Each structure stands twice: as structure tokens, then as C-alpha cells.
Amino acid sequence: MNGLQILGTGRALPEHVVTNDDLAKIVDTSDEWIVSRTGIKERRFAREGETLTQFAVEAARQAIARAGIRPEDLGLCLMGTVTSDNATPAQSCLVHQALRLPEDCPAFDLSAGCSGFLYAMETAAALLPRMSRPYALILGGELLSRITNMEDRSTCILFGDGVGAVVVKSTQDAPWYAHLGARGERDILWSGGMGSEERYLHMNGQEVFKFALETVPQAARTLLAKAGMEKEQVDWYVLHQANHRIVESVARRLKVPLSKCYENIERYGNTSAGTIPIALDEMAEQGLLKAGQWIMCLGFGSGMTWGGALFQWQDKEEK
Ligand code: UT7
């Protein structure tokens, strides 16, 4: 079966930094509470007039350039998001338009909450062999500030805005193991949608926490079993950045060192479907990802959904 090789990564976040002290001026909270309960120090919020499209297009352009391909080489364009600029067309179609992608490059969004990027990756792994060309642009990201009630201290301290992107190639040479799941459930984490009167995110934080600790370690074990690997053989665990305490607890349950878990939550908060591709881009930029290393990405979110992917980082062939 064909797997995915990541050829290039990109990310784009708003410039506007919002610190915990800034939020403490709006709601009854403190830097000390937020840091100790979540690990978050600051996040980015889009300014009035900024759009998800502009961040998505910027991240996509970087990923395409680093992959060494041209937009017209793409055979598929997917985006995991729940905060598309429009109810329709899909966010991925707005990216398609901006990048002038070819007509035989289908584009659609996946709504799987914070698992959206991993749902999109596995969809690409399955679909790409049937497309006109073997390259896909896969994005994940949000403007969660648009659906966050800034007067609700239980949610406004957690979320942030940002988009990550990867360009992948479908190839038999790339090992690829994935595992997706869902426990259909509305009331733990939901929003009525951007245009709705109930657009704000509603969340039972403790239930989400519990859900993550039930599903994420299990997803990791499933992936290791599929690959016939031991947890020690994985070089990097890239977990959805929702809460430092969740990353810590998952690492403890899996008995893997925290030093193998990449974290950037202190700078960006939870950007939902954006956290994993943004992390991959930072890791690539910092030279942390080396050819031959095994990467396990794990996510969970609204739905309630979860997803995981285990793959090997490979140097891209010079085109
Ligand atoms: O992508 C998935 C998205 N969501 C998540 O991953 C959320 C997962 N859950 C969490 O991260 C944590 O449950 C939270 C960070 C949301 C909350 O932490 P917690 O340790 O579960 O706190 P809690 O909800 O049990 O609240 C403890 C106390 C409460 O006060 P009382 O009832 O003990 O007096 C809250 O009212 O902390 C209070 N509280 C706050 N205090 C200061 C809740 N939010 C805040 C706040 N600042 N921002």
C-alpha cells in the first residue's frame, strides 16, 4: 500500500500576540493559573479583517516551495478546519483559487475538530493513488478566536489562531501507518458555527481531558502494533497541543520520555487542526527531523474524534 512522504512544510500565524496578562484584564484569571493548568504563556489572535484564507495561502506557499514542486503539480488539496472563512465554498477551495491549482486537483475540507489534520493526511494516503498526480497539499488550521467567547475564562485562555501545511507525495517507498476513530458525541466540545448565534465554543474541559487520556495512548499502542514496532523506536511524538498536562500524562502512560514529545503550546495555545502541522514545520526548521527517524503524530478533538499517524522522515529526492 502506498504511504505518504512529507516533502515540505509551512506555517503562518497572526502577528498579534496575546499574553496571559492581556487576558487577565478581560476575565478573572492569572498568568500563574493558566501556566500551571495548561502550560500556555501566549497565543496569536487574528486582527479584524484578517482571514483564514490569507494564513492558509501563506503556509501553503511555503510548503510548496520547500517541497520543490509547482502548484500545478498538485493532485489533491485538503484542509482540516472548523473555522472556514465561508460556510461554503470550502476553505481548501479558497486556497485552490488563490494558488490557481489545476482543475483536476479536487479540494475539500475535513471537519474533525483538532483531529482534522490527521484525518486529512489519512484521506490523502487513501485517495492520492487514484488522483492525476501523486502530490497533495494538506492544511490544518483555524481562526478559533472567531468562535471563542472572550468573556468565558474556561475557553478563552486555551485557544489560538494559526495554520500549518505540508506537501506530501504518495509513494510505495514511504511506510505509513494510521489510525482514526470517533465516539460520536456533541455536548463535550461544540460550537454552533461562525454565523450562528451559538457560534462560541462550549467545552467540558475535564471530559475532554479524560477522553484524551483514554484514546490517545490507545491510538499510540494501535499504531505500534500495526507497524510491529516498540515505543522506543519512535524518535518523536508530536501530540496535539491542547494542554501541557495532557502531553505529560500521555507520555507517562506510554512510558516515553517527555524529551521525545515536541511542544510549542506555551507560544501558540491550542490552534486545533493547526497544532500538528505547525509543530512539524517548526521541527523541520530547527533541524530536529532527520532522515530515517520515526515520527508519531497523535490528535484528539471535537466529535469526539481521535487520530494517529506513524511514518518515517525521509530526505526528499532532488528534483
Ligand atoms: O483540543 C481539545 C480542546 N480542549 C482541551 O483539550 C481541554 C482539556 N481540558 C483542560 O485542558 C483542562 O480541563 C482546563 C485547562 C480547561 C481546565 O483545567 P482543570 O484543571 O480541569 O480545571 P477545572 O475545570 O477543574 O477548574 C478548576 C477551577 C474552577 O474553580 P472552582 O470550581 O474550583 O472554584 C474553575 O472555575 O478553576 C476555575 N477556572 C479558572 N480559574 C482561573 C477555570 N478556568 C479558569 C481560568 N482562570 N481561566
Side-chain angles (χ1 to χ4, degrees), residues 38 52 78-84 87-88 90-92 108-127 138-149 152 154-155 158-164 177-196 198-223 238-243 245-247 249-250 265 269-279 296-310:
T38 70
L52 187 60
L78 303 178
M79 181 151 180
T81 188
V82 297
T83 52
S84 179
T88 192
Q91 189 60 48
S92 48
F108 58 94
D109 291 353
L110 289 99
S111 171
C114 308
S115 314
F117 175 73
L118 294 175
Y119 266 58
M121 288 287 272
E122 174 63 345
T123 302
L127 267 187
I138 305 174
L139 299 123
E142 314 283 356
L143 296 191
L144 287 179
S145 62
R146 301 286 194 250
I147 57 166
T148 301
N149 180 355
D152 174 4
S154 70
T155 52
L158 286 177
F159 299 116
D161 298 339
V163 179
Y177 303 94
H179 172 66
L180 304 178
R183 188 183 292 168
E185 202 147 4
R186 171 187 183 269
D187 293 341
I188 295 179
L189 179 51
W190 65 275
S191 140
M194 297 262 258
S196 144
E198 289 201 306
R199 69 181 182 283
Y200 291 139
L201 281 163
H202 301 264
M203 184 183 71
N204 181 332
Q206 291 189 354
E207 283 299 317
V208 179
F209 207 113
K210 228 163 59 188
F211 174 82
L213 296 193
E214 276 168 32
T215 55
V216 173
Q218 190 48 42
R221 290 186 199 106
T222 303
L223 286 170
V238 184
L239 271 72
H240 169 46
Q241 304 289 295
N243 186 324
R245 284 162 52 217
I246 295 180
V247 176
S249 304
V250 169
I265 191 164
N270 177 350
T271 57
S272 184
T275 64
I276 290 174
I278 290 171
M296 185 186 286
C297 297
L298 295 161
F300 60 93
S302 168
M304 300 292 288
T305 60
W306 66 91
L310 175 59

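Worth saying up front: this structure is predicted, and the values here are computed from it rather than measured.
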Peer 1: The criterion is ring-ring contact (aromatic ring centres under 6.0 Å, His included); which residues satisfy it with Tyr177, sequence neighbours excluded?
Peer 2: none
Peer 1: Applying the side chain to side chain contact (heavy atoms under 4.5 Å, CB included) criterion to Leu298, which one of Leu310, Val238, Val216 satisfies it?
Peer 2: Val216
Peer 1: I need the Thr222 OG1 to Trp306 CH2 distance, nearest 0.5 Å.
Peer 2: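 It is 9.5 Å, given to the nearest 0.5 Å.
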Peer 1: By side-chain contact (heavy atoms from CB on, under 4.5 Å), which residues pair with Ser154, not counting sequence neighbours?
Peer 2: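 Ser154: side-chain contact (heavy atoms from CB on, under 4.5 Å) contacts with Asp152.
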Peer 1: State the OG-CD1 distance between Ser191 and Ile147, to the nearest 0.5 angstrom.
Peer 2: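 It is 4.0 Å, given to the nearest 0.5 Å.
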Peer 1: Using the side chain to side chain donor-acceptor pair (under 3.5 Å) criterion, which residues pair with Ser145? Sequence neighbours excluded.
Peer 2: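 Counting only residues at least two positions away or on another chain, Ser145 forms a side chain to side chain donor-acceptor pair (under 3.5 Å) with Asp161.
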Peer 1: Who passes side-chain contact (heavy atoms from CB on, under 4.5 Å) against Leu118, sequence neighbours left out?
Peer 2: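 Partners of Leu118 under the side-chain contact (heavy atoms from CB on, under 4.5 Å) test: Ile276, Cys297, Ala309.
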Peer 1: Rounded to the nearest 0.5 Å, what's the gap from CG on Leu158 to CG on Leu201? Could you check?
Peer 2: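 Rounded to the nearest 0.5 Å, the CG-CG separation comes to 10.0 Å.
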Peer 1: Show the nearest heavy-atom pair for residues Ala90 and Ser84, with the distance to one decimal.
Peer 2: C-OG, 4.1 Å
Peer 1: For Gln241, enumerate each residue passing the side chain to side chain donor-acceptor pair (under 3.5 Å) test, keeping only those at least two apart in sequence or located in another chain.
Peer 2: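 Result, side chain to side chain donor-acceptor pair (under 3.5 Å) vs Gln241: none returned.
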Peer 1: Val208 vs Met304, test: side chain to side chain contact (heavy atoms under 4.5 Å, CB included). Steps then yes/no.
Peer 2: CA-CA 9 Å; Val208 179; Met304 300 292 288; 4.2 Å; yes
Peer 1: Suppose we screen for side chain to side chain donor-acceptor pair (under 3.5 Å). Which residues come up paired with Arg199, at least two apart in sequence or across chains?
Peer 2: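 Partners of Arg199 by the side chain to side chain donor-acceptor pair (under 3.5 Å) criterion come out as none, since no residue qualifies.
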Peer 1: Once salt bridge (Lys or Arg N to Asp or Glu O under 4.0 Å) is applied, what residue pairs with a partner in residues 206-219 remain, sequence neighbours excluded?
Peer 2: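 Output for this query lists Arg183-Glu214, Glu207-Lys210.
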Peer 1: Are Thr38 and Ile265 close enough that some pair of their side-chain heavy atoms sits under 4.5 Å apart?
Peer 2: no
Peer 1: Atom CG in Asp187, atom CG in Asn204: separation rounded to 0.5 Å?
Peer 2: 9.5 Å
Peer 1: Between the side chain of Thr81 and the main-chain N/O of Glu142, is any donor-acceptor distance below 3.5 Å?
Peer 2: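 No; judged by distance alone, with no hydrogens or angles, the pair does not exist.
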Peer 1: Is there a side chain to side chain contact (heavy atoms under 4.5 Å, CB included) between Asn243 and Phe209? Walk through the geometry before answering.
Peer 2: CA-CA 9 Å; Asn243 186 324; Phe209 207 113; 3.9 Å; yes
Peer 1: Would you please name every residue forming a side-chain contact (heavy atoms from CB on, under 4.5 Å) with Thr305, sequence neighbours left out?
Peer 2: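 Expected list: Ala112, Ser115, Tyr119, Ala182.
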Peer 1: Measure across Ala120 and Leu78 and return the closest heavy-atom pair with its distance rounded to 0.1 Å.
Peer 2: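 Scanning both residues completely, I find the closest heavy atoms to be O-CD1, 3.4 Å.
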Peer 1: Is Leu52 close to Met79 at the side-chain level, that is, under 4.5 Å between some pair of heavy atoms?
Peer 2: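 Touching, per the 4.5 Å side-chain cut-off.
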Peer 1: Between the side chain of Thr275 and the main-chain N/O of Thr271, is any donor-acceptor distance below 3.5 Å?
Peer 2: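 Flag not set: sc Thr275 to bb Thr271 has no pair under 3.5 Å.
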Peer 1: Who passes side-chain contact (heavy atoms from CB on, under 4.5 Å) against Ser302, sequence neighbours left out?
Peer 2: Leu189
Peer 1: For Phe108 and Thr123, what are the C-alpha separation, side-chain angles and deciding distance, and is it a side chain to side chain contact (heavy atoms under 4.5 Å, CB included)?
Peer 2: CA-CA 11 Å; Phe108 58 94; Thr123 302; 4.0 Å; yes
Peer 1: On a heavy-atom basis, which atom in Ala124 and which in Ile138 lie closest, and how many Å separate them?
Peer 2: CB-CD1, 3.5 Å
Peer 1: Minimum heavy-atom separation for Ala273 to Gly80, with atom names?
Peer 2: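 Distance-wise, the nearest heavy atoms are CB-O, 3.3 Å.
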Peer 1: Mind checking what makes ring-ring contact (aromatic ring centres under 6.0 Å, His included) contact with Phe300, not counting sequence neighbours?
Peer 2: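 If we apply the ring-ring contact (aromatic ring centres under 6.0 Å, His included) test to Phe300, skipping adjacent residues, the hits are His240.
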Peer 1: Show, in sequence, the C-alpha distance, side-chain angles and deciding distance for Cys114 and Asn270, and conclude whether the side chain to side chain contact (heavy atoms under 4.5 Å, CB included) test is met.
Peer 2: CA-CA 9 Å; Cys114 308; Asn270 177 350; 4.2 Å; yes
Peer 1: Can you tell me how far apart CE (Met203) and OG1 (Thr148) are? Round to the nearest 0.5 Å.
Peer 2: 10.0 Å
Peer 1: Listed by chain and number, what are the side chain to side chain donor-acceptor pair (under 3.5 Å) partners of Ser92, not counting sequence neighbours?
Peer 2: Asp109
Peer 1: Closest approach of Leu213 and Ser249, non-hydrogen atoms and distance?
Peer 2: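 Residues Leu213 and Ser249, closest heavy atoms: CD2-CB, 3.6 Å.
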